[in-house]
Every structure is written in structure tokens, then in C-alpha cells.
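Below, all heavy atoms of this structure are taken into account, side chains as well, without hydrogens, waters or symmetry copies. Bear in mind that the values here come from a model prediction, so they are computed numbers and not experimental data.
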Amino acid sequence: MLMQTSTTVLMVRPANFGFNPETAENNFYQLPDSRSAGEISLLAQKEFDGFVAMLRDQGVNVLVEDDTSDPIKPDAVFPNNWFSTHPDGKLILYPMFSPNRRLERRKELIENLMKRKFKVDDIIDLSFFEEDEQYLEGTGSIVLDHQSKTIFACYSERTHQIPLDYVGKLLGYKVVGFRAAQEINGVSAPIYHTNVMMHIGSELAVVCLDSISKASEKQLVQKSLTQAGKKVVPITPKQKFHFAGNMLEVGNEGGEKFTVMSETALDSLNIGQIQLIEKYSTIISASIPTIEKLGGGSARCMMAEIFLPFDESF
């Protein structure tokens, strides 16, 4: 059975973090800020460094790559959207909605993985889908249950069915696609990324079932998770707006499991939900308010899991 939990994550230290108008078009979690660009950038770097230190303190292997200052990439701190790695040596590059986010796909980051003795046997570049305005933004758009070989994805302006089915076939995973919405200023709008409303760990699934309006799709998601052996922890739409769906389970070499989230997410959970998560793992919560507010993404988005095999021949 495939491992659900990675013991290595790659994180990108931001050089020019800030509000991105291109992504704000359909990411309603982003909020502009009156502080100077320099102040915001420094705050984001401080939050990033604190987050990395917390993970390393628990024995999680964190690979830190520095963002380049030119060209400006305001969302470089969210690397999980442009690539994913897999135990068979596959590395997939994804088609991105925002033109300035496409600049985040840097070959030197892949080369650095290989220099660190990770085995990359096959780089599959799906950026050609961008020519037809078809997008699938990595493990933001898709939430993977490696154990049951299932991809969960809510369709949106950033998650289209054709590239989704393509990745499903590529990995040999079943696809569970559905529509999830949220109310913004009294108007219903699609949830831009699946990992905002859903997290899947080795034994738990945290999901905002109330955001899935179609009863048959809600039932399909719940049934698929239950059949995969997951204990389903429902969260409310309000908790989702506090990034309670944006979690990631990681491990260390000692076999300990951690559910990583932001302080914002943790503060929104009730005692019962916290106890249930802590039954299966230890919670790590990072203080990242600037990154959450301006970037519209949270703790999970900042970590790209490295599932690649280690090359012993080096």
C-alpha cells in the first residue's frame, strides 16, 4: 500500500510576497493590505521562517528553496500548486490559471531535488493545457488519498475536468469530481481549490460537506472517504473560511505523525474536532496571518510533499 504521509516537504522562502490581483479574480480569501510592499514582504519571511523552525523542531525534513527576486512572483510561497512528486519517480508540472504564477515553475528547483539524491525518472509537463485555458493547480486542485488511489477534486475556474481525468489516468487513480460552493457577499461562487475545503490524512478526512450542494455528490464524497477507511471530521463553512480545511499530515523519521495547520485554523476548531485529530496525530499550528490574508492560502499550500525515492547509488 502507498504511503499517505510524507516525511519530507519542500518550501519556498518568498522574496516578493504580496497581494496578487491576478489570483484575486477567483480567490475570495485574499484581502488587500495598506501596509508597504517592503513591510509585507518582511512579515511574510518572518512567518515563513517560524513555520519552518516549528516543523524542523518535530523532526520533519524541510527542504527550503529561496524564491528569486526577479521576476516578481507574489505567490511563490505556495509551491504545491505547480508540481507534485510520486513514489515511482514521477514529477508532474501543472497548468496554472494565473500567468504570473506560471513563472514559479523553475527547473533549478527540480535539479536541486536531484542533487539532494532524490530520484526523478519522469518529468511530465502538463503546462500545454494552458493554451486551451484548461487548468489543474497541483495539490491545491486535487486532494489525493494515496492509500485508496483516489483523487478528490472540486471543479472551478482553476480545476478543469479534462486535465483532471488526464492526471487520474497518468497515476492510475480513480477520480471523484464534484462541485463545491461558498457564499460571497450573498452570491454563490465555486471554491477555487479543493484543499481549502478538504484534507485527507492516513486515518482522518477533514471536509466541509456543507459546501457540496448536490446531495448525490455529497453522498459520493462521504461514501468514498468512508470506504477508504477514513474517519470523517465535518467542518462548517465558517471554519472553512478560517482555513480549517487547509491541513496536511506529515511525518518524521521516527514514525510520528503530525497534522499541520495554521493558528487561524486551529482557533476555529471546537474541542471535539481537536480531540479527534489528536487521537491520530500531533497538531502543529503555525502563525501565518500575513500570508493567509494577502495570499489567500494557508499552511497546507506552503508545503509540497516529496514522495520521490531516494537514490542510493550516489
Item to check | Criterion side-chain contact (heavy atoms from CB on, under 4.5 Å) on L91 and F83, from CA distance to verdict | outcome: CA-CA 7 Å; L91 188 148; F83 83 102; 4.2 Å; yes
Next on the checklist: For A265 versus S268, what's the shortest heavy-atom pair and its separation?
Outcome noted: O-OG, 2.7 Å
Item to check | D132 side chain to Q134 backbone, donor-acceptor under 3.5 Å | outcome: no
Next on the checklist: If the test is side chain to side chain contact (heavy atoms under 4.5 Å, CB included), which one of M197, E217, K218 qualifies with L209?
Outcome noted: K218
Next on the checklist: For the OG1 atom of T264 and the CD1 atom of I291, what is their distance to the nearest 0.5 Å?
Outcome noted: 11.0 Å
Next on the checklist: Side chains of T259 and S281: any donor to acceptor distance under 3.5 Å?
Outcome noted: yes
Checklist entry - Going from NZ on K240 to CE on M198, what distance comes out if it is rounded to the nearest 0.5 angstrom? => result 13.5 Å
Item to check | Any M302 side-chain heavy atom under 4.5 Å of F51 side chain | outcome: yes
Checklist entry - Taking atom NZ of K257 as the centre, does the number of heavy atoms from other residues, nucleotides or ligands within less than 6.0 Å exceed 12? => result yes
Next on the checklist: Measuring from atom CD1 of I200 to atom OG of S148, what distance do you get when rounded to the nearest 0.5 angstrom?
Outcome noted: 7.0 Å
Checklist entry - Salt-bridged, K73 to E104, with N to O below 4.0 Å? => result no
Next on the checklist: Taking the side chain as everything from C-beta on, heavy atoms only, tell me whether L204 gets closer than 4.5 Å to I277.
Outcome noted: yes
Checklist entry - In terms of hydrophobic clustering (I, L, V, M, F, W, Y; side-chain heavy atoms under 4.5 Å; direct or indirect links), are W82 and L308 co-clustered? => result yes
Checklist entry - How about S6 and T8: does a side-chain donor come under 3.5 Å of a side-chain acceptor? => result no
Checklist outcome for this item: All heavy atoms of P74 vs all of N100, minimum pair found to be CG-ND2, 4.2 Å
Next on the checklist: For a quick test of reading the model, state the closest non-hydrogen atom pair linking A286 to M54 and the distance between them.
Outcome noted: CA-SD, 3.9 Å
Checklist entry - Distance only, no hydrogens: is a donor on one side chain within 3.5 Å (strictly under) of an acceptor on the other, for Y94 and S84? => result yes
Checklist entry - In terms of hydrophobic clusters joined by side-chain contacts under 4.5 Å, are M247 and V77 together? => result no
Checklist entry - So do the side chains of V250 and E305 get within less than 4.5 Å of each other, counting heavy atoms only? => result no
Checklist outcome for this item: Residues A15 and S41: closest non-hydrogen pair is O-OG, 3.2 Å
Next on the checklist: Does atom NZ (K149) have a neighbourhood of more than 12 heavy atoms from anything else shown, all under 6.0 Å?
Outcome noted: no
Next on the checklist: When you measure from the side chain of N16 to the backbone of S69, do you find a donor-acceptor pair of N or O atoms at a distance under 3.5 Å?
Outcome noted: yes
Item to check | Stepwise side-chain contact (heavy atoms from CB on, under 4.5 Å) check, V9 with N61 | outcome: CA-CA 6 Å; V9 294; N61 185 25; over 6 Å; no
Next on the checklist: Surrounding CD of Q219 (heavy atoms of other residues, nucleotides or ligands, distance under 6.0 Å), is the total greater than 12?
Outcome noted: no
Checklist entry - What's the spacing between E157 CD and E137 CD if we round to 0.5 Å? => result 10.5 Å
Checklist entry - Taking D67 for the side chain and V12 for the main chain, is one N or O donor matched with an acceptor at less than 3.5 Å? => result no
Checklist entry - Quick one: are K107 and L93 in side-chain contact, heavy atoms under 4.5 Å? => result no
Item to check | Distance (rounded to the nearest 0.5 Å) between K231 NZ and K279 NZ | outcome: 7.0 Å
Next on the checklist: For the backbone of Q222 and the side chain of S224, can you confirm whether one donor and one acceptor N or O come within less than 3.5 Å of each other?
Outcome noted: no
Item to check | Verdict with supporting geometry, Y173 and T150, side-chain contact (heavy atoms from CB on, under 4.5 Å) | outcome: CA-CA 5 Å; Y173 280 33; T150 308; 5.8 Å; no
Checklist entry - Between the main-chain N or O of E263 and the side-chain N or O of S285, is there a donor-acceptor pair closer than 3.5 Å? => result no
Item to check | Any side-chain donor near an acceptor of the partner, Q58 and T282, under 3.5 Å | outcome: no
Item to check | Heavy atoms from other residues, nucleotides or ligands near CD1 of I110 exceed 12 (cutoff 6.0 Å) | outcome: yes
Checklist entry - Does H199 reach the side chain of E249, with side-chain heavy atoms less than 4.5 Å apart? => result yes
Next on the checklist: Quick check: do I212 and V221 have side-chain heavy atoms less than 4.5 Å from each other?
Outcome noted: yes
Next on the checklist: Looking at E133, I'd like to know if its CD atom is crowded, meaning that more than 12 non-hydrogen atoms belonging to other residues, nucleotides or ligands lie closer than 6.0 Å.
Outcome noted: no
Next on the checklist: Please determine whether residues M303 and V64 belong to a single hydrophobic cluster, defined as Ile, Leu, Val, Met, Phe, Trp and Tyr linked transitively by side-chain heavy-atom distances below 4.5 Å.
Outcome noted: yes
Checklist entry - Honestly curious: do L266 and F243 fall in one hydrophobic cluster under the side-chain, below-4.5 Å linking rule? => result no
Checklist entry - Roughly how far, to the nearest 0.5 Å, is CD of E183 from CZ of F241? => result 8.5 Å
Next on the checklist: Whether the E47 and T290 side chains hold a donor-acceptor pair (N or O, under 3.5 Å, no angle test) is what I'd like checked.
Outcome noted: yes
Checklist entry - Just checking, any donor-acceptor pair under 3.5 angstrom between side chains of N252 and T7? => result no
Item to check | Donor-acceptor pair, side chain of S211 and main chain of C208, under 3.5 angstrom | outcome: yes
Item to check | Intermediate values then yes/no, salt bridge (Lys or Arg N to Asp or Glu O under 4.0 Å), D145 and K230 | outcome: CA-CA 10 Å; D145 180 26; K230 310 296 176 188; 3.1 Å; yes
Checklist entry - For Y155, does its backbone N or O pair with a side-chain atom of T159 as donor and acceptor, under 3.5 Å? => result no
Next on the checklist: Tell me whether N80 contacts the main-chain N or O of A304 through its side chain, where contact means a donor paired with an acceptor under 3.5 Å.
Outcome noted: no
Item to check | Under 3.5 Å: donor-acceptor pair, side chain of N246, backbone of R300 | outcome: yes
Checklist outcome for this item: Closest non-hydrogen contact found for Q182 with P190 is NE2-O, 3.8 Å
Checklist entry - Do the ring centers of H160 and Y135 come within less than 6.0 Å of each other? => result yes
Next on the checklist: Name the residue from R116, R106, R13 that meets the salt bridge (charged side-chain N to carboxylate O under 4.0 Å, His left out) definition with E65.
Outcome noted: R116
Next on the checklist: Is there a path of hydrophobic side-chain contacts, each under 4.5 Å between heavy atoms, that joins F178 and V206?
Outcome noted: no
Next on the checklist: Under 3.5 Å, is there a donor on one side chain and an acceptor on the other for E292 and S262?
Outcome noted: yes
Item to check | Derivation and outcome, side-chain contact (heavy atoms from CB on, under 4.5 Å), residues V207 and F152 | outcome: CA-CA 11 Å; V207 57; F152 292 84; over 6 Å; no
Checklist entry - Do S216 and K214 touch side chain to side chain, with heavy atoms closer than 4.5 Å? => result yes
Checklist entry - Going by an N to O cut-off under 4.0 Å, is there a salt bridge joining E130 and R102? => result yes
Checklist entry - Less than 4.5 Å apart, any side-chain heavy atom of I92 and any of L126? => result yes
Checklist entry - Do Q273 and Q239 have side-chain atoms, one donor and one acceptor, less than 3.5 Å apart? => result yes
Checklist entry - Considering all heavy atoms of both residues, which atom of F78 and which atom of S298 are nearest to each other, and what is their separation? => result CE2-O, 4.3 Å
